[in-house]
Amino acid sequence: MKKKQRIEHIRNIGIIAHIDAGKTTVTERVLYYTGRSYKMGEVHDGEAVMDWMPDEQERGITITSAVTTCQWKGSEIQIIDTPGHVDFTIEVERSLRVLDGAIGVFCAVGGVEPQSETVWRQADKYGVPKIAFINKLDRIGADFFGTVNMMKKRLKANPLILQLPVGSEDHFTGVIDLLDMKQMEWDDNTLGATFSEHEINGEYLQTAQAYREKLVEAVAEIDDTIMEAYLSETPISTEDLIQAVRSATVGMKLVPVLCGSALKNKGIQPLLDAIVRFLPSPMDIPPMKGIHPDTGEPLDCLPKDSEPLAALIFKVSMMEGRKLSYVRIYSGTMDVGKTVYNPFRKSKEKLSRILRMHANKRERIDRAGSGSIVGVVGLKDSSTGETLCQADHPVLLEKIEFYEPVISVAIEPKTHADQEKLDEVLDKFTAEDPTLTAQKDEDTGQTILSGMGELHLEVIISRMSREFNTRVNVGKPQVVYRETVSKEATATAVFDKEVAGQRHYGEVTIRLKPLSRGSGRMFRSEVTEEQIPDHYIPFVEKGVMESLESGSFMGYPVVDVEAVLVGGVFKESVGTELAYTVSTSMACQNALQKGRSFLLEPIMDVEVFVPEPFMGDVIGDLNSRGGKIESINSKMETQVIKASVALSRMFGYSTDLRSATQGRGTFSMQFSHFDRR
């Protein structure tokens, strides 16, 4: 068994970026230079180690986050390569939930693109320290300083330039390290495995000195020790500067910026050094917070093997027909053959196998300690976002937030054999992906598959056929709407029936009140204990929430509404939980009808990148779709049009945009909010 790494030498990092910024190419170089892979796989050849799924290789994009481990200068780096496409943003969300640091990869030509902002905000939400790698400096139109400025404007980040590019576009040859004040150039004959360091060429020296001064000034503003040395003009050692940059990075005060070209094998080794130098180990970040499942008492999960076990399942995957759970261990250890406790389900599970992952390859290990990210086989019931701990030291970690699906297709099996397998296959996919839902439409008998976008559903249907030999016919995508009420409405309902020889009586009065967009659903009670005893109130709330799952207008879930229990009657000996749940549901439905329900549809933020000559046609097309143009900005030779458009009007837009722009226009789209049709 491999020698256990000391926890201070572990780095749990994710690689996050917009689609096509070069995340997977960066990861492939990291694996090659750390000796984890014997050759570099290229995304465009369909040979990238981390893009192991056939759908990823065919499309040249990352679809599922892949985990791997490599060693660099005495540290163990556990890497999650995440997708860049907005349809698979849940993969980024759940990865960032369990990571200690992140590398934001930016294309030097495209700069900070829409999905870059999304993943950056996700990292901020979980308090994940970041370093930035500006990639593709060999490309025509590369703009290093323009990208840094975009980081300030769009991400509200505080970038700290640690490297400068030597040359640009076709003449990009290497980088200048502002910490050591050395020029680094890579040997193309060794695929960038070797590089030389030498004094900075005269033509770059003045610029390098100016940016070194800016670097020291920026760090001095945050670090008192550096400030004292700077003001007294005492020489500042590289070691002191590195330590100060590390503290500022871990404290999320600065974002170190490095640069290179992953495809041309330049800049990766200094990036690895930066991961080890500046990103935190599990010891450097605050301990994970949890609560006692029974008492609600807050608990700290300290990153020590000697502590009780606290681990989070952040992903479930089906590999070769078996359930594989990806787990981040925050404290304690996991041992093969031992039993763990799931406090959410109040059940025990046995750890059949523990695996160290390398994309879709795996290596068996007997034990995993604090700070580890591993695969576990043998968990039957436990699912994504749930906690594993010890039965005698229960702890419940915060669950992962999942996104609501925004697009649906109707699917039906092609043959009787496919029919028999379909439900089982869908169960496996929905267990694997929380943003995917499958349900039967009672009216039509069709199976409705809902997801985050057209590509998301297309990939799932492709995988059904490829991995499970289950073929389906697919209907036109349908949008998932919501309903709400336009005015306040009050209704009373009585449930008074005899069921199984027992009389059940409940009477409630519910007032529904419209709320502002994005408020969700709320419930409160204004009744006294004499009207309805307190222990029945949760069953009234249950009736409200169940009723709001299906609106009176078209049967869609009701949102942006507050339900208030304003009256009720309790009769001794016949008042029951069932009666209050059912009467509440009836009152809610009556109030929904009185409240003049109407539909809300998903509105998308759309960003279209289009060459100047085609701008008029593109704006005209967006207007014809009922879109609202919010801004038009110029970036290099491209116009960036930002608009908000109803999702139902965006089907087929990709094809229309290509036709209108001779294939030169691109767009990205992400869910913004629900609003009135």
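Distance check, rounded to the nearest 0.5 Å: CD1 of I10 to OG of S281 gives 8.0 Å. In this structure, CZ in R463 is found 11.5 Å from NZ in K428, a value given to the nearest 0.5 Å. Taken from CD1 in I79 to CD1 in I13, the straight-line distance is 4.5 Å, to the nearest 0.5 Å. Atom CD1 of I242 sits about 9.5 Å away from atom CG of D240, to the nearest 0.5 Å. Atoms OH and CG, on Y326 and L312 in that order, are 15.0 Å from each other to the nearest 0.5 Å. Between atom CD1 of residue I373 and atom CZ of residue F314 there is a gap of 5.5 Å, rounded to the nearest 0.5 Å.
Side-chain contact annotation: E221 with Y230, donor-acceptor N/O pair under 3.5 Å absent.
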Could you walk me through whether W72 and V30 pass side chain to side chain contact (heavy atoms under 4.5 Å, CB included), step by step? CA-CA 9 Å; W72 184 255; V30 165; over 6 Å; no
Please report the C-alpha distance between L324 and L355 in whole Å, then the side-chain angles of each, then the deciding distance to 0.1 Å, and finally whether the side chain to side chain contact (heavy atoms under 4.5 Å, CB included) criterion is met. CA-CA 9 Å; L324 174 68; L355 307 166; 3.8 Å; yes
Verdict with reasoning, L388 to M334, per side chain to side chain contact (heavy atoms under 4.5 Å, CB included): CA-CA 10 Å; L388 300 177; M334 296 176 87; 3.9 Å; yes
Set out, in order, the CA-CA distance, both residues' side-chain angles and the distance that settles side-chain hydrogen bond (donor to acceptor under 3.5 Å, both in side chains) for S382 and N342, then state yes or no. CA-CA 7 Å; S382 300; N342 181 333; 2.9 Å; yes
Does the side chain to side chain contact (heavy atoms under 4.5 Å, CB included) test come out yes or no for I176 and T207, once each step is laid out? CA-CA 10 Å; I176 292 167; T207 305; over 6 Å; no
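Cation-pi geometry between K130 and W120 is satisfied (NZ or CZ under 6.0 Å from the ring centre, within 45° of the ring normal).
Panel note: side chain R29, backbone A262; a donor-acceptor pair is recorded below 3.5 Å. Side-chain atoms of S372 never come within 3.5 Å of backbone atoms of V374 as a donor-acceptor pair (strictly under, hydrogens ignored). Proximity of a side-chain donor or acceptor of Q78 to a complementary backbone N or O of G371 within less than 3.5 Å is detected. With S331 contributing its side chain and P308 its backbone, the two residues share a donor-acceptor pair below 3.5 Å. Side-chain atoms of D300 do not come within 3.5 Å of backbone N or O of L302 as any donor-acceptor pair. When atom types are taken as modelled, the side chain of T387 and the backbone of L397 share a donor-acceptor pair closer than 3.5 angstrom. Formation of a donor-acceptor pair under 3.5 Å by the D305 side chain with backbone atoms of S370 is found in this model. Of the possible polar contacts, none joining the N265 side chain to the A193 backbone as a donor-acceptor pair under 3.5 Å is found. A donor-acceptor contact shorter than 3.5 Å is absent between the side chain of K136 and the backbone of A142. Under a 3.5 Å cut-off, the side chain of R11 and the backbone N or O of L279 do form a donor-acceptor pair.
Among residues two or more places apart in sequence or in another chain, the side-chain contact (heavy atoms from CB on, under 4.5 Å) test is passed with K399 by F344, E386.
Ion pairing of E199 with K182 is present here, as a side-chain N (NZ or NE/NH1/NH2) and a carboxylate O approach within less than 4.0 Å. Residues D138 and K266 are not paired through a salt bridge, judged by the lack of any N-O separation under 4.0 Å between the basic side chain and the carboxylate. We find that D223 and K253 are not joined by a salt bridge, their nearest charged nitrogen and carboxylate oxygen being 4.0 Å or further apart.
In this structure, the ring of F145 has its center less than 6.0 angstrom from the ring center of Y211.
The local environment of CZ in R121 is crowded, with over 12 non-hydrogen atoms from other residues, nucleotides or ligands closer than 6.0 Å. Within 6.0 Å of CD in E398 there are 12 or fewer heavy atoms belonging to other residues, nucleotides or ligands.
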